[in-house]
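Structure first, commentary second.
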Amino acid sequence: MKNKVITAAAVLCATVLVAIIAFDFFMSASFSSSFIAMNTTVSADIKGLKAEEAYREISEELKWLDSFLLSRTSEESQIYKLNNGKTDIDPEPAKLLSSIKDIEEKSNFSFCVGLGQLTDLWGIGTGSARLPRADEISSAIKDAEKWQISGNTVDLPDGVKLDLGAAGKGIGCDYASDILQKYKCKSAVVAVGGSVLLHSTDKDEVFTIGIRNPKGDINEPAAIIEIKACCVSTSGTYERFFEQDGKRYHHIFDPSTGYPAKSGLQSVTVISSSGLVSDALSTACLVLGFEESLPLLKEFDAQAVFITDENKVMTTPDFEGLKIADSNFTLVN
């Protein structure tokens with residue numbers, strides 16, 4: 001009898017061990033792929049029992065988010081309808097616009113989504129980019145800050161068009177995060193253009209992310225950061241631009257002037273628990289410059305890495321885990 005008990009216990013232990021190994025294998029199973037949404041490539045590398053199901057839903061959700069909520073060109077989009085006379089919107093986009101208005105106000109409108117008319121005027125990235133006349137620019141920015149939202153009702157002053165391009169990819173990361181949690185995915189990296197979601201159920205997992213050399217190839221980092229699960233967004237003057245009469249004009253506008261921002265920065269990378277916040281603040285900080293960005297980042301409990309026009313790399317106070325990857329750049333404390 002004793003031998004039978006020992007044998008049964010051994011079989012049970014072996015069965016449990018096999019089950020643990022099998023569970024760990026499936027939880028560690030991964031799925032990687034990419035798709036097009038929000039005028040960019042969205043790539044996802046997901047680990048977990050339902051990694052492929054999570055990817056499929058992220059793909060469907062972000063395409064829906066683009067076409068039916070955020071797009072300025074899709075006639076089915078809530079933003080398109082607002083820009084063309086509609087005033088009442090669904091609760092979901094109303095909630096997003098309320099959050100966006102809060103960021104606008106706290107950034108003193110260095111981040112502003114009411115610049116759709118200005119974006120169209122410059123046409124950067126469309127193949128018909130041009131330097132507008134000063135009076136055209138003044139007209140385009142005159143009331144850009146004055147759009148309002150109350151409940152589900154949006155009031156756009158005459159001539160003001162909403163453009164969520166500086167926030168949409170971060171919003172996409174937030175939607176992806178909800179789906180990864182829904183499917184209990186173990187770990188994931190989802191890149192939506194310049195915004196990246198780092199997801200993990202392990203609070204100690206560390207991700208390594210490269211910050212692009214603004215003057216180099218997309219695969220050439222100026223610096224490398226090691227961080228835990230969060231959202232990371234980068235805005236840079238190198239992303240879209242055109243040249244006229246020997247001068248370069250980039251696509252990140254200072255809402256107060258209507259011209260490309262001149263803050264002495266080439267790029268800003270913002271780290272936050274929120275994709276929307278990281279995306280919006282990366283734009284705001286590139287407009288504000290290093291010193292003026294610090295109180296805003298503190299307000300939203302976010303961190304940032306700045307690369308100046310002189311290739312100096314600066315961070316928010318007490319930022320850890322950054323290493324210079326290119327000798328042309330210098331870390332300045």
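Everything quoted here is computed from the prediction, not taken from an experiment. The analysis underlying the following values was restricted to heavy atoms, covering all of them including side chains, and did not include hydrogens, waters or symmetry mates.
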When you look at [atom1] of [X], are more than 12 heavy atoms from neighbouring residues, nucleotides or ligands closer to it than 6.0 Å?
{"X": "Glu243", "atom1": "CD", "value": "yes"}
{"X": "Lys81", "atom1": "NZ", "value": "yes"}
{"X": "Asn39", "atom1": "CG", "value": "no"}
{"X": "Asp301", "atom1": "CG", "value": "no"}
{"X": "Gln244", "atom1": "CD", "value": "yes"}

Group every Ile, Leu, Val, Met, Phe, Trp and Tyr by side-chain heavy-atom contacts under 4.5 Å, then state whether [X] and [Y] land in the same group.
{"X": "Val232", "Y": "Met38", "value": "no"}
{"X": "Trp147", "Y": "Leu121", "value": "no"}
{"X": "Ile324", "Y": "Ile227", "value": "yes"}
{"X": "Tyr175", "Y": "Ile79", "value": "yes"}
{"X": "Ile225", "Y": "Leu331", "value": "yes"}

I want to check something: taking the side chain as every heavy atom from C-beta on, are [X] and [Y] in contact at a cut-off of under 4.5 Å?
{"X": "Asp279", "Y": "Val270", "value": "no"}
{"X": "Phe207", "Y": "Val189", "value": "yes"}
{"X": "Asn213", "Y": "Asn311", "value": "no"}
{"X": "Tyr55", "Y": "Val190", "value": "no"}

Exercise for the section: Given salt bridge (Lys or Arg N to Asp or Glu O under 4.0 Å), test Glu145 with Lys101 step by step and report yes or no. Expected result: CA-CA 9 Å; Glu145 302 172 1; Lys101 175 54 75 173; over 6 Å; no
Could you report the tightest heavy-atom contact between [X] and [Y], atom names first, then the distance?
{"X": "Val154", "Y": "Leu97", "value": "CG2-CD1, 3.9 Å"}
{"X": "Leu265", "Y": "Gly289", "value": "CD1-CA, 3.7 Å"}
{"X": "Ser74", "Y": "Ser67", "value": "OG-O, 2.8 Å"}
{"X": "Pro255", "Y": "Val287", "value": "CD-CG1, 4.2 Å"}
{"X": "Cys185", "Y": "Ile46", "value": "SG-CG2, 3.7 Å"}
{"X": "Thr73", "Y": "Ser71", "value": "N-OG, 3.0 Å"}

Fill in the blank from the handout: So CG of Leu164 and CD1 of Ile100: to nearest 0.5 Å the spacing works out to 4.0 Å
Problem - Ile307 CD1 to Met314 CE distance, which is reported to the nearest 0.5 Å - result: 10.0 Å
Handout entry: Carboxylate-amine/guanidinium proximity below 4.0 Å for Arg133 and Asp135
Key = yes
Practice task
Salt-bridge test for Arg56 and Glu53: reply yes if a basic N is under 4.0 Å from a carboxylate O, no otherwise.
Solution key: no
Exercise for the section: On the 0 to 90° scale, with breaks at 30° and 60°, tag the Trp122-Phe253 ring pair as parallel, tilted or perpendicular. Expected result: tilted
Practice task
Give a yes/no verdict on a cation-pi contact between Lys106 and Phe300, requiring under 6.0 Å between NZ or CZ and the six-membered ring centre and an angle within 45° of the axis.
Solution key: yes
Handout entry: salt bridge (Lys or Arg N to Asp or Glu O under 4.0 Å) assessment of Glu57 paired with Lys182
Key = CA-CA 10 Å; Glu57 186 162 333; Lys182 169 185 170 181; 3.0 Å; yes
Fill in the blank from the handout: Residue pairs meeting salt bridge (Lys or Arg N to Asp or Glu O under 4.0 Å), one or both in residues 158-175, sequence neighbours left out, come to Arg72-Asp163
Give a yes-or-no answer on whether the side chains of [X] and [Y] include a donor-acceptor pair shorter than 3.5 Å.
{"X": "Gln266", "Y": "Lys215", "result": "yes"}
{"X": "Ser282", "Y": "Ser233", "result": "no"}
{"X": "Ser272", "Y": "Ser274", "result": "no"}
{"X": "Ser256", "Y": "Asp254", "result": "yes"}
{"X": "Ser235", "Y": "Glu239", "result": "no"}

Exercise for the section: Can you spot which of Ser33, Ser32, Ser187, Ser34 makes a side chain to side chain contact (heavy atoms under 4.5 Å, CB included) with Asp45? Expected result: Ser32
Practice task
Show your working on salt bridge (Lys or Arg N to Asp or Glu O under 4.0 Å) between Lys146 and Asp143 and close with a plain yes or no.
Solution key: CA-CA 5 Å; Lys146 297 180 180 179; Asp143 295 319; 3.2 Å; yes
